[in-house]
Asker: 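One structure, pasted below without further comment.
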Amino acid sequence: MDKIIIEGGHPLKGEGKISGAKNAALPILVSSLLADGWNTYTNVPDLKDIESTIMLLSKLGAKIEREKDTVRINASGLNNYEAPYDLVRKMRASILVLGPLVARLKKARVSLPGGCAIGARPINLHLKGLSRLGASIDMEHGYIEAKADCLKGNTIYFDITTVTGTENIMMAAVLAQGETVIRNAAREPEIVALSDVLNKMGADIKGAGTSKITIKGVSSLKPVSVSIIPDRIEAGTFMIASAATCGDITLTGCEPDHLEAVIHKLSLTGADITIDESAMRVLGSDEIKSVDVKTLPYPGFPTDMQAQFMVLMSVARGLSIISETVFENRFIHVSELKRMGANIKVSGNTAMIQGVRRLSGAPVMATDLRASASLVLAGLVAGGTTEINRIYHLDRGYQSIEKKFARLGAAIKRVKG
Ligand code: EPU
């Protein structure tokens with residue numbers, strides 16, 4: 001298996017470009033199942049999760065062409081309604097095909113995703129939503145079987161805001177009969193991006209980005225050409241890297257409006273952030289201040305940035321408290337950071353971080369994407385060599401992370417295993 005080796009202690013300098021958003025691209029590629037004909041998607045990031053999605057869609061009968069950051073999908077030949085265990089196991093977001101398959105083929109058989117490193121992550125709300133639209137749901141042999149001759153609009157109230165749950169129901173409801181109202185809908189920019197794409201395909205969705213989304217069903221959709229929005233989590237990860245290494249980097253191709261909570265908290269730590277349309281310059285301070293953070297659904301501070309922010313707090317002056325309220329087990333990076341010299345105590349969903357002067361490089365590994373990203377940041381800050389193992393997780397969600405950091409002056413390389 002490949003490894004990443006980092007010699008820490010170099011301040012990042014220069015300019016880097018942000019890729020398209022993984023979590024916007026996944027549902028948007030899946031939305032191609034809702035129409036016949038060729039859809040064209042540009043600014044698609046080159047990631048393992050995108051490969052897995054393409055594999056799944058082609059297994060369902062779609063034709064796919066890919067060249068650089070452009071992916072073309074034609075689902076006219078959609079003929080298979082099963083998402084097998086092997087693919088769902090690799091990527092939980094495969095559950096996103098459930099809604100579109102029931103809408104198009106009247107049935108779906110999708111492997112149950114099961115838990116993962118960051119929590120139990122049930123899909124009860126996806127299923128509840130689909131059954132409110134009239135689908136019958138059965139579970140057998142580790143698979144969900146959903147059937148509906150005709151989906152019918154209804155009001156769906158989510159007890160907890162769920163990002164992929166909201167996306168799944170939106171994609172089922174666009175072709176349902178009548179009106180669907182999603183209450184307590186997720187408000188993430190990725191929901192707005194999907195809604196924009198579906199509306200361009202001919203859907204009638206209003207309210208995306210608010211907690212009430214109204215969808216009037218239409219009889220068919222047409223294919224589209226769209227560009228994927230910038231990845232706010234990749235941008236945030238690089239911003240923190242600049243702040244933590246006392247760097248001076250400019251990120252281009254960003255959407256600063258999607259990063260308000262991160263920009264606010266980073267500024268409080270002493271980083272100087274200037275925004276010029278889609279470019280952001282982040283100038284680190286040589287004295288990082290401690291700042292408390294609580295993760296929340298958008299527009300709150302993203303859980304996908306929690307591990308990275310913890311690295312910054314590990315080298316800040318004083319004590320900070322980070323509370324994780326979205327996932328129940330998202331502190332798996334803590335034990336690895338401690339091995340690098342961080343002073344962190346965890347109690348329930350709260351971590352107390354007493355900043356230390358310096359982290360020290362060590363061999364580490366993580367079992368989740370953002371935890372792995374936090375270890376890269378820790379390696380960039382630490383004295384000496386850090387060796388990151390199991391980088392499979394990083395490749396799921398960051399396009400060539402080592403090349404992007406190397407271009408900014410980091411001493412980082414991938415070693416083929
Ligand atoms: N939840 C339920 N029941 C459900 C669905 C969710 O109880 O049916 C709970 C979850 O267990 C969790 C909370 O609701 O405690 C929120 O989970 P959500 O459904 O919003 O998460 P998700 O849709 O599975 C997406 C992102 C994650 C990101 C979360 C939260 C995609 C493909 N994934 O996951 O991204 O952390 O929203 O913002 O969009 C990542 O990119 O590293 C990543 C994990």
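All ligand and atom numbering here is 1-based and tracks the order in the structure.
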Asker: At a 4.0 Å threshold, what atoms of ligand 1 neighbour a non-hydrogen atom of I123?
Answerer: 4 (C), 8 (O)
Asker: Only counting residues at least two apart or in another chain, list the ones meeting salt bridge (charged side-chain N to carboxylate O under 4.0 Å, His left out) with D159.
Answerer: K128
Asker: Taking side-chain contact (heavy atoms from CB on, under 4.5 Å) as the test, write out the residues that go with S52, two or more places apart.
Answerer: K90, M91
Asker: Under 4.0 Å from a heavy atom of V326: give me the atoms of ligand 1 that qualify, with their elements.
Answerer: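 Atoms satisfying the 4.0 Å criterion: 12 (C), 13 (C), 15 (O), 16 (C).
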Asker: Any atoms of ligand 1 less than 4.0 Å from a non-hydrogen atom of K22? List them with their elements.
Answerer: 40 (C), 41 (O)
Asker: Return the residue, atom name and 0.1 Å-rounded distance of the protein heavy atom closest to atom 22 (P) of ligand 1.
Answerer: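 I find the closest protein heavy atom is T164 OG1, 3.5 Å.
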Asker: Considering only the protein, which heavy-atom contact is closest to atom 39 (O) of ligand 1, and what is its distance?
Answerer: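 Of the protein heavy atoms, N23 CG, 3.3 Å lies nearest.
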Asker: Report, in ascending order of atom number, the atoms of ligand 1 lying under 4.0 Å from any heavy atom of D304.
Answerer: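 This gives 27 (C), 28 (C), 35 (O), 36 (O), 40 (C), 41 (O), 42 (O), 43 (C), 44 (C) as the contact atoms.
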Asker: Of all the non-hydrogen atoms in the protein, which one sits nearest to atom 1 (N) of ligand 1, and at what distance?
Answerer: P122 O, 4.1 Å
Asker: For L369, take its heavy atoms, then give the atoms of ligand 1 lying under 4.0 Å from any of them.
Answerer: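 Listed by number with element: 42 (O).
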Asker: Quick check on contacts: which atoms of ligand 1 are under 4.0 angstrom from a heavy atom of T303?
Answerer: 30 (C), 36 (O), 38 (O)
Asker: Give the residue and atom name of whichever protein heavy atom lies nearest to atom 34 (O) of ligand 1, and the separation in Å to one decimal.
Answerer: R121 NH2, 3.3 Å
Asker: Show me which atoms of ligand 1 lie under 4.0 Å from any heavy atom of I160.
Answerer: 7 (O), 14 (O)
Asker: One thing to verify: whether K416 and D2 come together as a salt bridge, which I'm taking to mean a side-chain N less than 4.0 angstrom from a carboxylate O.
Answerer: yes
Asker: Before you tell me yes or no, could you show the steps for M171 and V30 under side-chain contact (heavy atoms from CB on, under 4.5 Å), namely the whole-Å CA-CA distance, both residues' side-chain angles and the distance that decides it to 0.1 Å?
Answerer: CA-CA 9 Å; M171 289 194 280; V30 168; 4.1 Å; yes
Asker: Only one of R370, H333, K294 forms a side-chain hydrogen bond (donor to acceptor under 3.5 Å, both in side chains) with Q306, so which one is it?
Answerer: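 Among R370, H333, K294, the one that satisfies the side-chain hydrogen bond (donor to acceptor under 3.5 Å, both in side chains) with Q306 is H333.
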Asker: Taking the six-membered ring of Y298 (Phe, Tyr or Trp), confirm whether the NZ or CZ of R187 is under 6.0 Å from its centre and within 45° of its axis.
Answerer: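 Judged by the rule (NZ or CZ under 6.0 Å from the ring centre, within 45° of its axis), R187 is not positioned above Y298.
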Asker: By number and element, which atoms of ligand 1 are closer than 4.0 Å to a non-hydrogen atom of H126?
Answerer: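 Taking each heavy atom of H126 in turn, ligand 1 has 8 (O) under 4.0 Å.
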Asker: To which protein heavy atom is atom 20 (O) of ligand 1 closest, and what is the distance rounded to 0.1 Å?
Answerer: V163 N, 2.8 Å
Asker: Kindly compute the distance separating CZ (F309) from OG (S320), expressed to the nearest 0.5 Å.
Answerer: 7.0 Å
Asker: Any idea which protein heavy atom is nearest atom 42 (O) of ligand 1, and the distance to it?
Answerer: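 Closest protein heavy atom to atom 42 (O) of ligand 1: R370 NE, 2.9 Å.
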